[in-house]
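Encoded as structure tokens, the structure appears first; notes follow it.
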Amino acid sequence: MKEKSVLIPWKYFGKKINISDFTHIRVYHACRIEDIGEYQINGLQPVNETTALANALRILGRFEKSKQRIESKFRERWIVANEDPLRFKVWLGLKKSELLGDSCHYLIYGSEFLNNVALDLGCRHMLKTVGHAYILTCEIPLKNILPSWLEDLCYHIENGCECGCGFSVDRVLPEEIIKFEIQNRIVEDPLEGYSKVKL
């Protein structure tokens with residue numbers, strides 16, 4: 001078995017890399033966390049209908065009193081989500097700076113799916129009060145990344161691309177999360193005209 005060797009992208013920006021020299025890549029995930037223990041036990045898992053509905057009722061029920069209305073908006077959004085299989089993956093970013101920039105809505109509102117349901121219910125702004133903003137540092141086995149995604153990642157690293165580069169995996173195991181960083185900073189909300197938000 002090959003010894004673990006982690007590709008740390010920023011160390012190689014603008015340089016040629018031989019991907020076969022590595023077994024893992026260090027990447028990042030942005031979210032809002034209510035209970036770190038859940039992530040330490042279960043890692044990062046894609047959204048599924050049962051847990052997503054339970055979370056919607058539990059979280060949005062604090063701001064919307066009608067259970068039927070939450071369920072109705074949830075069902076509408078779930079039908080749309082089912083049209084895109086990539087929605088049911090765990091998304092990661094190559095650069096932490098991207099998660100603090102144009103993709104910082106994950107830090108502000110959390111789950112994209114829940115964000116959309118809350119938007120339909122008129123209470124998206126309240127998601128800012130749920131949990132705390134975190135960036136998770138992950139070391140993902142290269143064998144778990146689709147070849148097309150891996151090729152794209154290598155291109156971005158070797159060309160020192162300034163733009164962000166995201167990709168998906170089926171899940172992230174607890175042991176693949178190596179760091180939890182709570183975010184206490186001001187960011188610009190890309191969903192609200194880049195208005196400033198304190199995390």
Side-chain angles (χ1 to χ4, degrees), residues 27-93 96 98-138 164 166-174 177 180-199:
V27 290
Y28 306 94
H29 179 82
C31 55
R32 289 193 74 85
I33 295 179
E34 294 178 89
D35 177 11
I36 284 183
E38 183 182 327
Y39 288 74
Q40 292 169 328
I41 293 168
N42 300 315
L44 293 166
Q45 300 187 37
V47 65
N48 69 67
E49 187 172 5
T50 303
T51 56
L53 178 57
N55 281 334
L57 291 170
R58 180 178 60 80
I59 294 170
L60 300 179
R62 302 172 196 174
F63 319 118
E64 168 58 58
K65 298 306 176 197
S66 170
K67 181 180 175 183
Q68 286 92 351
R69 192 158 179 257
I70 295 171
E71 288 181 339
S72 173
K73 296 300 182 185
F74 177 93
R75 300 287 176 216
E76 289 171 16
R77 284 290 183 173
W78 194 258
I79 290 167
V80 173
N82 266 317
E83 294 171 2
D84 180 5
L86 287 179
R87 289 257 182 204
F88 303 104
K89 300 280 186 180
V90 175
W91 284 86
L92 301 154
K96 194 185 293 188
E98 176 69 12
L99 300 178
L100 293 165
D102 287 341
S103 295
C104 71
H105 50 288
Y106 300 108
L107 293 170
I108 300 169
Y109 304 106
S111 157
E112 187 165 18
F113 182 79
L114 190 62
N115 179 349
N116 289 328
V117 177
L119 178 64
D120 293 345
L121 292 167
C123 61
R124 178 172 74 186
H125 63 287
M126 296 304 295
L127 292 178
K128 298 173 188 176
T129 68
V130 177
H132 299 282
Y134 277 86
I135 290 181
L136 279 52
T137 303
C138 306
F167 69 100
S168 66
V169 292
D170 290 332
R171 65 171 300 192
V172 176
L173 297 175
I177 304 172
F180 291 83
E181 285 182 276
I182 194 164
Q183 302 298 304
N184 293 305
R185 61 176 78 214
I186 293 173
V187 295
E188 295 181 341
D189 185 349
L191 304 183
E192 294 290 337
Y194 289 92
S195 57
K196 294 192 182 304
V197 175
K198 175 74 170 71
L199 295 175

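Source: prediction; values computed, not measured. Numbering starts at 1 and runs along the sequence shown.
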Is it true that a side-chain atom of [X] and a backbone atom of [Y] form a donor plus acceptor pair closer than 3.5 Å?
X	Y	answer
Q183	E181	yes
H105	D189	no
D102	E98	no
R32	K128	yes

Which atom names give the shortest non-hydrogen contact between [X] and [Y], and what distance separates them?
X	Y	result
L114	S111	N-OG, 3.1 Å
Y134	I182	CD2-N, 3.5 Å
P46	V90	N-CG2, 3.6 Å
R77	L119	NH2-CD2, 4.4 Å
I70	L121	CG1-CD1, 4.0 Å
Q40	P174	O-CB, 3.1 Å

Stepwise side-chain contact (heavy atoms from CB on, under 4.5 Å) check, V27 with H29: CA-CA 7 Å; V27 290; H29 179 82; over 6 Å; no
Pairwise side-chain contact, [X] with [Y], heavy-atom cut-off 4.5 Å (strictly under):
X	Y	answer
L127	I59	yes
R62	T129	no
L191	I108	no
I33	E38	no
R171	L44	no

Partner residues of K198 under the salt bridge (Lys or Arg N to Asp or Glu O under 4.0 Å) criterion, sequence neighbours left out: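 Listed in chain order: nothing, the list is empty.
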State whether the number of non-hydrogen atoms from other residues, nucleotides or ligands found under 6.0 Å of N42 atom CG is greater than 12.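 Counting other residues, nucleotides and ligands, CG of N42 exceeds 12 neighbours.
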Kindly determine whether E192 and R124 satisfy salt bridge (Lys or Arg N to Asp or Glu O under 4.0 Å), including the steps that lead there. CA-CA 11 Å; E192 294 290 337; R124 178 172 74 186; 2.6 Å; yes
Let me confirm one number: the OH-CG distance from Y28 to L100, rounded to the nearest 0.5 Å.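 The CG atom of L100 is 11.0 Å from OH of Y28, to the nearest 0.5 Å.
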Residue pair K73, E64: steps toward the salt bridge (Lys or Arg N to Asp or Glu O under 4.0 Å) verdict: CA-CA 12 Å; K73 296 300 182 185; E64 168 58 58; over 6 Å; no
Starting from the C-alpha separation in whole Å, work towards a yes-or-no answer on side-chain contact (heavy atoms from CB on, under 4.5 Å) for Y106 and C31. CA-CA 5 Å; Y106 300 108; C31 55; 5.8 Å; no
side-chain contact (heavy atoms from CB on, under 4.5 Å) between N55 and V47, intermediate numbers included: CA-CA 10 Å; N55 281 334; V47 65; over 6 Å; no
Residues forming a ring pair (Phe, Tyr, Trp, His ring centres under 6.0 Å) with F74, sequence neighbours excluded: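 Listed in chain order: W78, F113.
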Applying side-chain contact (heavy atoms from CB on, under 4.5 Å), run through M126 and L60 and close with a yes or a no. CA-CA 9 Å; M126 296 304 295; L60 300 179; over 6 Å; no
